[in-house]
Trainee: 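Before anything else, here's the structure in question.
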Amino acid sequence: MSYKIIFFGTSDFSVPSLKALLADKRFEVVAVVTKPDAPIGRHQVITPPPIKVIAQENNVKVFQFEKIKTDETFEALSKLESVDAYVVVSYGKIIPQRILDLPKHGVINVHGSLLPRWRGASCVQAAIATGDKKSGVTIMQMDAEMDHGNILAQKEITITDTETGGELHDRLAELGATTLPDVLVDYLENKIISQPQNHEQATYCKLLSRDEGKIDWSKSAAEIEHLVRAYNPWPGTWTEWEGKRVKIKKLKTGNWKEFKSDIGMPQTQEEKLFVMCGDGHAVEILELQPEGKRVMKSQEYIVGHKLIS
RNA sequence: CGCGGGGUAGAGCAGUUGGCAGCUCGCCAGGCCCAUAACCUGGAGGCCGUGGGUUCAAGUCCCACCCCCGCAA
């Protein structure tokens, strides 16, 4: 006898968790709910979410509701066989209360931060951008408010000094996936007493867009270094030089000698590329990408733009 | 066919009204020097994305295609 689960997920973050449940004989994933196929990439090719591909490879029924709050969606889920719980990992839509009430034991969520810190959509980037030393995953009971439910378990990890958003994302996704099965079983067998979050300590992060990757050079060098790491690879960081967009791929807080005080403008010194930041410190650009060009090392940019000092 | 930039030496780039293929860095050799990644001299390295077309002559103008990238999603 295995527990019946319906899995809600869409992005890459949810992939390890779905795989973990599929591989665990204690569970039977009777259906997967994910977002509709969407146009993606430069040529807008209609592409299924990665979760859908995995579900189909495992012969699991897939639902892709256009809208989750409609009566049609509610009825479609109600008609399915009764399940023990829904598991939601990075699904991408707000699930209404009447659907949360459907499974016998409610809905479990895996979130990529140490709740109540960083409720919201960009928890991984927020942790690095803010300079947090620790992050982790929280497994909780979902309620109607965003990332607000009672906590079942948390696992902590240390953020390294050079870690990017992408790297931390992958580590947290794996951590969530390895933590989820045992916690879920314990929960379904009433072996866990859930703990309410300390709501007064909650912090929030918003959904990121590309515009938020525009670097504000008036900030401190340390803040900018955090931001570039956090937003790598999504949504990326960029600035405008000579009227053209230049993505800043990699940089570090730099050693420098003497600088003009032109904040935000590229300067060279000993074949290295520096930018003065708002606090009087500089960052050294290591890799960048002018619009229409490939990613290049800063030395290549200097040579091509005749910036030799 | 969503909008746009690009493909020229190993890398990054320039190339005018069509008229000998260039610059910086790197690489190789030699020189200078106590020494050097610095400096000097010399050198190698090109199907100018592919295929057609116009022309006495095409990197350059015209047509088609391939590939890379930015925006947007």
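In what follows, chains are A, B, ... by sequence order, proteins preceding strands, each numbered from 1.
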Trainee: Tell me: CH2 of Trp241(A) to C1' of G70(B), nearest whole Å?
Mentor: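 It works out to 16 Å between those atoms.
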Trainee: C1' atom, C63(B) versus G45(B): distance in rounded Å?
Mentor: 33 Å
Trainee: Flag this pair as yes if the NZ/CZ of Lys61(A) is under 6.0 angstrom from the six-membered ring centre of Phe63(A) and inside a 45 degree cone about the axis; otherwise no.
Mentor: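 Checked: cation-pi criterion met.
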Trainee: Distance check needed: C69(B) P versus Tyr301(A) OH, whole Å only.
Mentor: 19 Å
Trainee: With sequence neighbours excluded, tell me which residues meet salt bridge (Lys or Arg N to Asp or Glu O under 4.0 Å) with Lys293(A).
Mentor: none
Trainee: Please state how far atom CD in Glu300(A) lies from atom P in C69(B), giving the value in whole angstrom units.
Mentor: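 So the CD-P distance, Glu300(A) to C69(B), works out to 16 Å.
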Trainee: Please state whether the base of A11(B) and the side chain of Gln299(A) form at least one donor-acceptor pair under 3.5 Å?
Mentor: no
Trainee: Within this structure, what is the CH2-to-C1' distance between Trp234(A) and C71(B), rounded to whole angstrom?
Mentor: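 So the two atoms are 12 Å apart, to the nearest Å.
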Trainee: For atom P, what is the distance between C47(B) and C33(B), given to the nearest Å?
Mentor: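 The answer is 41 Å between these two P atoms.
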Trainee: In whole Å, what is the span from the CZ atom of Arg210(A) to the P atom of A73(B)?
Mentor: 9 Å
Trainee: List in chain and number order the residues that pass side-chain hydrogen bond (donor to acceptor under 3.5 Å, both in side chains) with Asp216(A), two or more places apart in sequence or in another chain; answer none if no residue qualifies.
Mentor: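 side-chain hydrogen bond (donor to acceptor under 3.5 Å, both in side chains) check on Asp216(A) returns Ser218(A).
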Trainee: Nearest to the side chain of Asp211(A) - C69(B), A72(B), U24(B)?
Mentor: A72(B)
Trainee: Can you tell me the Watson-Crick or wobble partner of C3(B), both distances under 3.5 angstrom?
Mentor: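 C3(B) is paired, partner G70(B).
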Trainee: Please measure how far the P atom in A44(B) lies from the corresponding atom in G10(B), and state the result in whole Å.
Mentor: 15 Å
Trainee: In whole Å, I'd like the distance from the CD atom of Glu271(A) to the C1' atom of A38(B).
Mentor: 11 Å
Trainee: Can you name the side-chain hydrogen bond (donor to acceptor under 3.5 Å, both in side chains) partners of Gln154(A), sequence neighbours left out?
Mentor: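 For Gln154(A), the residues satisfying side-chain hydrogen bond (donor to acceptor under 3.5 Å, both in side chains) (neighbours in sequence not counted) are Thr138(A).
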Trainee: Rounded to whole Å, please give me the gap between CD in Gln44(A) and P in C71(B).
Mentor: 13 Å
Trainee: What's the gap between C62(B) and U17(B) when it is taken at their P atoms, as a whole Å value?
Mentor: 13 Å
Trainee: One character per nucleotide, please: for nucleotides 4-10 of chain B, 5' to 3', B when the base has a protein heavy atom closer than 4.0 Å, S when only the sugar-phosphate does, - otherwise.
Mentor: -BS----
Trainee: Return a table of donor-acceptor pairs under 3.5 angstrom between the side chains of residues 74-87 of chain A and protein atoms on other chains or two or more places apart.
Mentor:
from: Ser78(A); atom 1: OG; to: Phe74(A); atom 2: O; distance (Å): 2.5
from: Asp84(A); atom 1: OD2; to: Lys4(A); atom 2: N; distance (Å): 2.8

Trainee: Any base atoms under 4.0 Å from Lys247(A), or only sugar-phosphate, or nothing? Heavy atoms, all strands.
Mentor: sugar-phosphate
Trainee: For the P atoms, the ones on G59(B) and on G49(B), what distance do you get once it is rounded to whole angstrom?
Mentor: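 About 10 Å, rounded to a whole number of Å.
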Trainee: With C1' as the reference atom in both, quote the distance from C25(B) to C20(B) in angstrom, rounded to an integer.
Mentor: 25 Å
Trainee: Provide the Watson-Crick or G-U wobble partner of C61(B), both distances under 3.5 Å; none if there is no partner.
Mentor: G53(B)
Trainee: Look through every strand shown and name the nucleotide pairing with G22(B) as Watson-Crick or G-U wobble, where both distances are under 3.5 Å.
Mentor: C13(B)
Trainee: Would you call Glu212(A) and Lys206(A) a salt bridge, using N to O less than 4.0 angstrom?
Mentor: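 Yes.
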Trainee: Which class fits the ring pair Phe27(A) and Tyr3(A): parallel under 30°, tilted 30 to 60°, perpendicular over 60°?
Mentor: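 Tilted, since the angle between the ring planes falls between 30° and 60°.
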Trainee: Distance between the C1' atoms of C71(B) and C13(B), in whole angstroms?
Mentor: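 My reading of the C1' atoms in C71(B) and C13(B) gives 23 Å.
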Trainee: P atom, G7(B) versus A37(B): distance in rounded Å?
Mentor: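 Going atom to atom, P in each nucleotide, I get 34 Å.
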Trainee: How would you list, by chain and number, every residue that makes a side-chain hydrogen bond (donor to acceptor under 3.5 Å, both in side chains) with Thr179(A), sequence neighbours excluded?
Mentor: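 Here no residue qualifies.
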Trainee: Rounding to an integer number of Å, can you tell me how far Lys297(A) NZ sits from C13(B) C1'?
Mentor: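 Atom-to-atom, Lys297(A) to C13(B), this comes out as 18 Å.
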